[in-house]
J.: 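Let me give you the structure first, and then I'll get to my questions.
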Amino acid sequence: MKAGFITLGCKVNIYESNALKEALEEKGFEVKDASEDCDVFIINTCSVTNMADAKSRKMIRKCIKMNPNALICACGCYVQTNDEAKEIEGVDILVGNGNKKDLVDEIIKRLNEPKKEKYINIIDVLHMNTYEALDVTSYDHTRAFVKIEDGCENFCTFCIIPFARGPVRCKPRDKVIEELKNITKNGYKEVVLSGIHTGRYYDNGLKFSGLVKRILNEVPDLKRLRISSIEINEIDDEFIDLMKKSKIIANHLHLPLQCGSDKVLKDMNRRYDLNFFLKKVEKIKEVRPDISLTADVIVGFPTETDEDYLESKEFCKKIGFSKIHVFPYSKRAHTKAALMPQLKDSIKKQRALDLIELSNELELKYALNFVGKELDIIPEQKINSNEMIGHTSNFLQVILPYDESLIGKLINIKIERIIDKKIYGIIL
């Protein structure tokens, strides 16, 4: 039996798909990317924006069209938050969040005892209080992900994720350490700590920074620890001190700013103001002066005026982000912002294009600082007969001369030149 996967959305979804892949392989399935010869399709969906919903629907229908006789399984956030998913003709199994581990048993049951009726297993995640145990030991890439947390309780006025994922639940610390040890024993040099609200990690008195300290002390084979995303108000002094002392923590943090206007931040129900954000960034740069700071920024929030947008743009310049992930505001059901008067799509589009242009400028400016400098890198994959690519600790994507023996190894390079926004290096 061949099982084909399509995974949309965040690193948590990537992790959960890999856990399902391993579980299916243990049952004797050949697991691959979705193609016409698959007997089973698993579409792990996303619902963070309207576009994500549309893409999830498109991928489900694509799999149905590829092989109408295959077993079609849709799971994840789009399934959890959209009743319309139940109405898509041709879907056999629908599973939401918090119970994805049940999907494998249902697939096997359905293949052995075919039934005509659609299987639907969508639980009330808003009242979940247990962490779903999913483990992964291998990945298709050289960078591994470890999910340590699920859920979010912030209820930002623009965000549907608390309704899709439920409240914060965390993996026990000993399970995190055990999983990291297994992954690094399998040869992975870099691990990304992932979660829906990663910085809210908590296990019987142990906070996120305490978990990171344990990882650094107890996982000797780990060469690079990257944080998928962390809120600025969850970066405490202990974590900054760990960044000062250990180069294993990647020289890169992704900070979901969302807006550089205090007024709009308040309307978004964000838990910080610009002064707090700036002061925390200054503390981080005291211990990591050349750190790469990337950000999520929403443009076109319902209460964002032209003046608010310009203030937000200027704040991004002031921080000096190395890249900005720009999101036009997307109206989401169940959220408070959906009830506010909405801005025109043309305004959102214009602001998004303008901020993307700034992001491109900041990205190049940051990268130019490293021309002629030595950095460490983990080559990830071959891109042609002569070249391979990898990411440095500060998340610069660098093109290098191809050497198969170096894929997945931590090596030293020198940044040689930047041509058409592409960064080239030489191996030392």
Side-chain angles (χ1 to χ4, degrees), residues 10-12 15 131 143-154 168-177 179-181 183-184 189-220 222-258 270-296 319-323 325 376 391-395:
C10 65
K11 293 177 177 65
V12 169
Y15 176 91
Y131 180 85
R143 184 184 302 115
F145 301 96
V146 171
K147 178 185 170 187
I148 63 170
E149 180 273 345
D150 203 342
C152 179
E153 299 166 11
N154 273 8
V168 170
R169 293 97 65 201
C170 300
K171 181 178 290 184
R173 66 188 82 178
D174 291 339
K175 288 290 293 180
V176 175
I177 300 298
E179 190 171 347
L180 274 157
K181 285 181 176 178
I183 283 174
T184 54
K189 306 300 181 187
E190 177 177 329
V191 172
V192 185
L193 292 186
S194 306
I196 300 302
H197 195 163
T198 314
R200 276 291 304 277
Y201 182 87
Y202 187 85
D203 178 39
N204 291 324
L206 187 77
K207 295 183 179 180
F208 177 74
S209 53
L211 177 68
V212 171
K213 185 176 182 179
R214 274 201 62 177
I215 291 169
L216 296 174
N217 290 335
E218 298 179 32
V219 188
L222 182 65
K223 301 302 181 186
R224 186 186 291 168
L225 183 68
R226 197 177 297 278
I227 315 303
S228 62
S229 178
I230 187 166
E231 297 284 354
I232 195 72
N233 49 6
E234 284 151 7
I235 299 175
D236 57 18
D237 289 344
E238 183 179 4
F239 182 75
I240 293 174
D241 188 55
L242 290 172
M243 291 182 71
K244 180 179 180 180
K245 293 176 179 177
S246 176
K247 295 303 179 185
I248 290 176
I249 299 175
N251 200 27
H252 166 239
L253 290 175
H254 184 72
L255 309 172
L257 169 65
Q258 307 304 6
R270 302 293 287 169
R271 312 294 176 92
Y272 51 83
D273 59 22
L274 298 183
N275 184 61
F276 180 89
F277 195 101
L278 178 62
K279 296 298 182 186
K280 188 71 72 169
V281 165
E282 288 173 347
K283 291 186 75 170
I284 293 167
K285 288 188 174 182
E286 284 177 9
V287 301
R288 296 282 187 97
D290 60 352
I291 191 170
S292 169
L293 298 176
T294 56
D296 294 332
I319 294 295
F321 291 117
S322 56
K323 186 178 179 66
H325 298 266
D376 63 53
H391 284 85
T392 61
S393 177
N394 59 341
F395 214 59

J.: With Asp174, which residues qualify under side chain to side chain donor-acceptor pair (under 3.5 Å), at least two apart?
T.: Arg214
J.: Between Ile230 and Thr198, is there a side-chain heavy-atom distance shorter than 4.5 Å?
T.: no
J.: Please walk me through it: do Lys285 and Leu293 pass side-chain contact (heavy atoms from CB on, under 4.5 Å)?
T.: CA-CA 10 Å; Lys285 288 188 174 182; Leu293 298 176; 3.8 Å; yes
J.: Would a distance-only check, ignoring hydrogens and angles, find a side-chain to backbone donor-acceptor pair under 3.5 Å from Arg288 to Met243?
T.: yes
J.: Could you tell me which residues satisfy side chain to side chain contact (heavy atoms under 4.5 Å, CB included) with Lys279, sequence neighbours excluded, listed by chain and number?
T.: Asn275, Glu282
J.: Under the salt bridge (Lys or Arg N to Asp or Glu O under 4.0 Å) rule, collect the residues that match up with Asp290, sequence neighbours excluded.
T.: none
J.: Just jot down the side chain to side chain contact (heavy atoms under 4.5 Å, CB included) partners of Glu286, sequence neighbours excluded, or say none.
T.: none
J.: Who passes salt bridge (Lys or Arg N to Asp or Glu O under 4.0 Å) against Arg224, sequence neighbours left out?
T.: Glu190, Asp376
J.: Quick one, Lys280 and Leu255 - any side-chain contact, counting heavy atoms below 4.5 Å?
T.: no
J.: Yes or no on side-chain contact (heavy atoms from CB on, under 4.5 Å) for Ile235 and Leu253, after CA distance, side-chain angles and deciding distance?
T.: CA-CA 10 Å; Ile235 299 175; Leu253 290 175; 4.1 Å; yes
J.: Could you verify whether a donor N or O on one side chain and an acceptor N or O on the other, from His391 and Arg226, lie under 3.5 Å apart?
T.: no
J.: State, with a plain yes or no, whether a side-chain heavy atom of Lys247 is found less than 4.5 Å away from one of Ser393.
T.: no
J.: Using side chain to side chain donor-acceptor pair (under 3.5 Å) as the criterion, list what pairs up with Glu179, not counting sequence neighbours.
T.: Tyr15, Lys171
J.: Once side chain to side chain contact (heavy atoms under 4.5 Å, CB included) is applied, do any residues pair with Lys283, and if so which ones, sequence neighbours excluded?
T.: Asp237, Ile240
J.: For Arg271, which residues count as a salt bridge (Lys or Arg N to Asp or Glu O under 4.0 Å) partner, sequence neighbours excluded?
T.: none
J.: Checking side-chain polar atoms at under 3.5 Å, does Glu153 have a donor or acceptor matched by the opposite partner on His197?
T.: no
J.: Checking Lys245 now: which residues fulfil salt bridge (Lys or Arg N to Asp or Glu O under 4.0 Å) with it, not counting sequence neighbours?
T.: Asp241
J.: Does Lys11 have any side chain to side chain contact (heavy atoms under 4.5 Å, CB included) partners at least two apart in sequence or in another chain, and if so, which?
T.: Phe145, Val192, Ser194, Ser228
J.: Kindly state each residue pair satisfying ring pair (Phe, Tyr, Trp, His ring centres under 6.0 Å) with at least one member in residues 229-258, sequence neighbours excluded.
T.: Phe208-Phe239, His252-Phe395, His254-His325
J.: Please, which pairs that meet side chain to side chain donor-acceptor pair (under 3.5 Å) have at least one residue in residues 202-212, sequence neighbours excluded?
T.: Arg173-Asp203, Ser209-Asp236, Ser209-Glu238
J.: Given the rule in the side-chain contact (heavy atoms from CB on, under 4.5 Å) test, do Ile291 and Asn394 qualify, once you have shown the distances and angles that lead to the verdict?
T.: CA-CA 6 Å; Ile291 191 170; Asn394 59 341; over 6 Å; no
J.: If you apply the rule side-chain contact (heavy atoms from CB on, under 4.5 Å), what do you find for Leu193 with Ile215, and how did you get there?
T.: CA-CA 11 Å; Leu193 292 186; Ile215 291 169; 3.9 Å; yes
